[in-house]
Undergrad: 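Provided herewith is a single structure, encoded as structure tokens, for subsequent inquiry.
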2 protein chains.
Amino acid sequence: MKRLAQELNLSIATVSRALQDSYEVSPQTKERVRALAAELNYQPNAYASSLRRNLSKTIGVVIPEVNNHFFSLAINGIEEVARQSGYHVLIYLSHDDYEREVDITHYLTGGRVDGLLMSVASETRDFDHLLKLYASKPAIVFFDRVCDALSTAQVTTNDYESGYQATQHLIEAGCRHIAHLLVSGNLSIGRMRMQGYQTALHDHGIAFDETLVLSGDRDDERNTERVMELLRTRPEVDGIFASVERLAISSYQACNNLGRAIPDQVKIIGFSNLGVAALLDPALTTITQPAYEIGREAARILLHAIEKKKPILPSQSLVLKSELFRRRSTAS
Amino acid sequence: MKRLAQELNLSIATVSRALQDSYEVSPQTKERVRALAAELNYQPNAYASSLRRNLSKTIGVVIPEVNNHFFSLAINGIEEVARQSGYHVLIYLSHDDYEREVDITHYLTGGRVDGLLMSVASETRDFDHLLKLYASKPAIVFFDRVCDALSTAQVTTNDYESGYQATQHLIEAGCRHIAHLLVSGNLSIGRMRMQGYQTALHDHGIAFDETLVLSGDRDDERNTERVMELLRTRPEVDGIFASVERLAISSYQACNNLGRAIPDQVKIIGFSNLGVAALLDPALTTITQPAYEIGREAARILLHAIEKKKPILPSQSLVLKSELFRRRSTAS
DNA sequence: CTGTTAGCGCATTCAT
DNA sequence: ATGAATGCGCTAACAG
């Protein structure tokens with residue numbers, strides 16, 4: 001910028017204003033400045049600008065994992081909205097680990113981001129780190145795996161209903177002994193989905209059996225083993241409702257390993273955003289969340305609040321609808 | 001920091017040094033500073049520091065899409081290495097669109113990142129934007145979809161051999177009319193994989209038929225249609241080698257739509273990192289790239305260069321190996 | 001071991 | 001419509 005000013009015989013201030021398209025600079029000067037800036041391939045130093053304006057034009061995204069279609073689609077939506085508004089996106093993965101999540105929230109304290117989109121780790125039980133982070137300013141919007149301890153907006157799906165529908169789907173398909181794989185008792189999505197499961201059982205006159213509920217682990221291998229064990233000790237199980245994609249896949253593998261035919265002996269339904277990939281197997285019925293839209297809407301709420309410098313209210317929360325998805329039968 | 005200095009009756013400089021664990025400050029003072037900093041939940045302003053040191057401790061990742069297991073696994077590896085080294089990761093998606101890629105490289109000019117990991121868009125034919133970006137300093141490492149125009153390191157896989165093996169796999173399975181779905185003639189991965197295909201055909205005495213090669217589009221629906229058209233006009237096609245996951249899925253759907261049994265009538269092999277999801281269907285044989293490792297190694301090369309302030313040499317390039325992956329048969 | 005000073009690049013207030 | 005001066009929060013060179 002110094003260089004621009006010198007070569008054009010202008011002050012740095014004028015150059016700065018010209019580049020910001022300020023009304024108080026003559027059109028010709030603006031043009032001259034722009035022309036030279038383009039020629040020199042000038043780009044302003046984002047950090048100097050951030051420091052001065054106390055605004056980073058950057059948002060952070062904290063999610064458990066990226067190797068999961070739900071989250072990668074959500075990122076897609078987030079990135080899209082951010083790009084359109086000129087924001088940059090920092091990404092952090094908690095791997096569903098509480099310690100990592102705490103570390104991440106520490107890095108984020110201190111103005112690096114203007115706002116944050118977050119889906120909390122399944123291991124997280126304690127929200128002190130989030131409260132601390134929240135105290136340090138940035139706007140926060142939770143999506144999917146929310147934290148009720150903070151008074152802010154959250155974008156979720158109709159988990160209770162989806163859980164109900166999923167269970168009902170299995171019951172109507174003839175299942176009477178339905179296991180439930182819970183993602184985590186800590187997460188509201190887990191609790192909601194499970195409530196739907198319980199109520200559906202009840203409404204159809206099936207007794208709720210606590211021993212058919214398995215709480216998922218971070219380790220996929222272990223999950224598969226535990227499902228196998230359940231299937232061995234409880235051979236009457238004829239249906240599985242998995243509350244997240246990873247657990248659905250573990251169920252699938254467990255059945256395969258034990259030679260239980262899907263869907264003849266055991267029917268599986270699971271939350272999943274495998275998308276086209278799910279088309280590959282007719283045996284897996286999925287509940288698909290509108291992941292892209294979730295990311296997009298969460299980002300919109302966040303950026304809107306940042307731009308207007310208004311706090312985010314819980315009343316801005318959104319509940320989108322998931323879709324029960326069955327593969328059309330293979331053409332004969 | 002000002003506040004810390006005041007409350008402790010120290011100069012700002014001393015506080016700064018204490019927080020950096022400088023050797024020229026007394027242990028007791030360090031402790032006092034740290035204690036108060038922790039108590040006040042102080043976090044340094046990263047942008048002020050970046051401005052001063054001309055170092056952002058941030059790297060950028062530019063990829064075509066994130067909703068793809070190859071790239072999301074790569075990000076996983078990248079994030080892991082970055083986190084360990086205290087770096088932050090900015091993510092940008094080009095959606096395989098040339099214009100977007102150009103825009104992104106513009107944002108990135110100007111010190112926002114210390115380095116860049118990049119996989120170029122399939123539409124990109126012209127590398128001026130990359131050369132301009134490169135001129136503006138940041139270290140760049142390409143992975144998978146590389147750009148040979150820049151003299152820097154790249155992390156790739158043995159694409160020629162994989163293409164050869166994939167084709168050979170189909171030939172050995174009895175295929176004689178093998179179509180190839182090319183990701184893009186612009187990309188070296190496309191060219192390498194196709195060369196493997198051609199050579200394998202030749203080595204097995206099968207004539208190369210140019211009309212059996214389809215160049216992929218950005219639109220998945222269109223790809224499916226084009227494969228369907230190919231299968232209709234060329235009913236003798238009994239094998240498809242898809243050079244990327246999306247094209248493999250399109251092939252799969254095209255066959256389904258037309259009622260061509262997989263793998264009885266048409267065999268499909270494709271590059272894919274669907275991972276566990278691919279386990280779902282025995283009909284799809286995949287070539288799996290070590291995506292996580294690619295991301296990790298690329299990030300290592302990049303961060304190493306940044307920390308040592310040394311330029312990245314093409315000789316640091318790495319070639320990892322992909323794996324032919326067939327699903328074990330379903331337990332009976 | 002600690003304090004003083006200067007300046008990173010930019011945006012802004014005040015003056016002209 | 002433009003320029004001069006100030007400071008964002010931090011680091012580093014220099015002085016003691």
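Each chain gets a letter, A, B and so on, in the order its sequence line appears, and its residues count up from 1.
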Undergrad: Using whole Å, what does the distance between atom P of nucleotide D:dG7 and atom CG of A:Asn54 come to?
TA: 17 Å
Undergrad: Report yes if at least one side-chain N or O of B:Gln20 is closer than 4.0 Å to OP1 or OP2 of D:dC10; otherwise report no.
TA: no
Undergrad: From the set D:dG9, D:dC10, C:dC1, return the single nucleotide nearest to any side-chain atom of B:Tyr42.
TA: D:dC10
Undergrad: Examine the base of D:dG9 for any acceptor or donor lying under 3.5 Å from a partner atom in the side chain of A:Arg52, and report the outcome as yes or no.
TA: no
Undergrad: Between atom CZ in B:Arg112 and atom C1' in C:dC10, what is the gap in whole Å?
TA: 14 Å
Undergrad: A:Asn9 has an atom CG; how far is it from atom P of D:dA4, in whole Å?
TA: 12 Å
Undergrad: Does a side-chain heavy-atom distance below 4.5 Å link A:Asp21 with A:Lys30?
TA: yes
Undergrad: Salt-bridge test for B:Glu80 and A:Arg100: reply yes if a basic N is under 4.0 Å from a carboxylate O, no otherwise.
TA: yes
Undergrad: Both A:Asn45 and B:Val25 contact DNA chain C. Which one's nearest nucleotide lies toward the 5' end?
TA: B:Val25
Undergrad: So does A:Ser16 get a side-chain nitrogen or oxygen closer than 4.0 Å to the phosphate oxygens (OP1/OP2) of C:dT12?
TA: no
Undergrad: Taking only side-chain N and O atoms of A:Thr14, does any of them lie within less than 4.0 angstrom of OP1 or OP2 on D:dT2?
TA: no
Undergrad: Rounded to whole Å, please give me the gap between NZ in A:Lys2 and P in C:dA11.
TA: 15 Å
Undergrad: Looking only at side chains, do A:Glu101 and A:Thr105 share a donor and an acceptor under 3.5 Å apart?
TA: no
Undergrad: Quickly work out the A:Leu8 CG to D:dG3 P distance and round it to whole Å.
TA: 10 Å
Undergrad: When you match B:Arg17 and A:Ala46 each to their closest nucleotide on DNA chain C, which lands nearer the 5' end?
TA: B:Arg17
Undergrad: Rounded to the nearest 0.5 Å, what separation is found between the CG atom of A:Asp97 and the OG atom of A:Ser122?
TA: 9.5 Å
Undergrad: D:dC10 C1' sits how many Å from A:Leu51 CG, rounded?
TA: 8 Å
Undergrad: Quick one: does B:Asn186's side chain get under 4.5 Å of B:Thr124's, heavy atoms only?
TA: no
Undergrad: The side chain of A:Arg53 is closest to which nucleotide in this list: C:dC1, C:dC8, C:dA11?
TA: C:dA11
Undergrad: Check this for me: does any side-chain nitrogen of one of B:Lys309 and B:Asp114 sit under 4.0 Å from a carboxylate oxygen of the other?
TA: no
Undergrad: Using rotation axes that map the C1' atoms of four end pairs onto the next four (five pairs an end), what angle separates the end axes of the helix from C:dC1-D:dG16 to C:dT16-D:dA1, to 10°?
TA: 40°
Undergrad: So, is A:Ser49 near the phosphate of C:dA11, with a side-chain N or O under 4.0 Å from OP1 or OP2?
TA: yes
Undergrad: What pairs of residues pass the salt bridge (Lys or Arg N to Asp or Glu O under 4.0 Å) test when at least one of them lies in residues 41-64 of chain A, not counting sequence neighbours?
TA: A:Lys57-A:Glu307
Undergrad: Looking across every strand, which nucleic acid part, if any, lies under 4.0 Å from B:Leu10 by heavy atom: base, sugar-phosphate, or nothing?
TA: sugar-phosphate
Undergrad: Please state how far atom CD1 in B:Ile12 lies from atom C1' in D:dG9, giving the value in whole angstrom units.
TA: 8 Å
Undergrad: Any idea which of D:dG9, C:dT12, C:dT4 is nearest the A:Ala13 side chain?
TA: C:dT12
Undergrad: Please report, rounded to the nearest Å, how far the P atom of D:dG9 is from the CG atom of A:Leu55.
TA: 13 Å
Undergrad: Pick the nucleotide of DNA chain D nearest each of B:Ala48 and A:Glu24; which residue has the one closer to the 5' end?
TA: A:Glu24
Undergrad: For D:dA1, does either OP1 or OP2 sit under 4.0 Å from a side-chain N or O belonging to A:Ser26?
TA: no
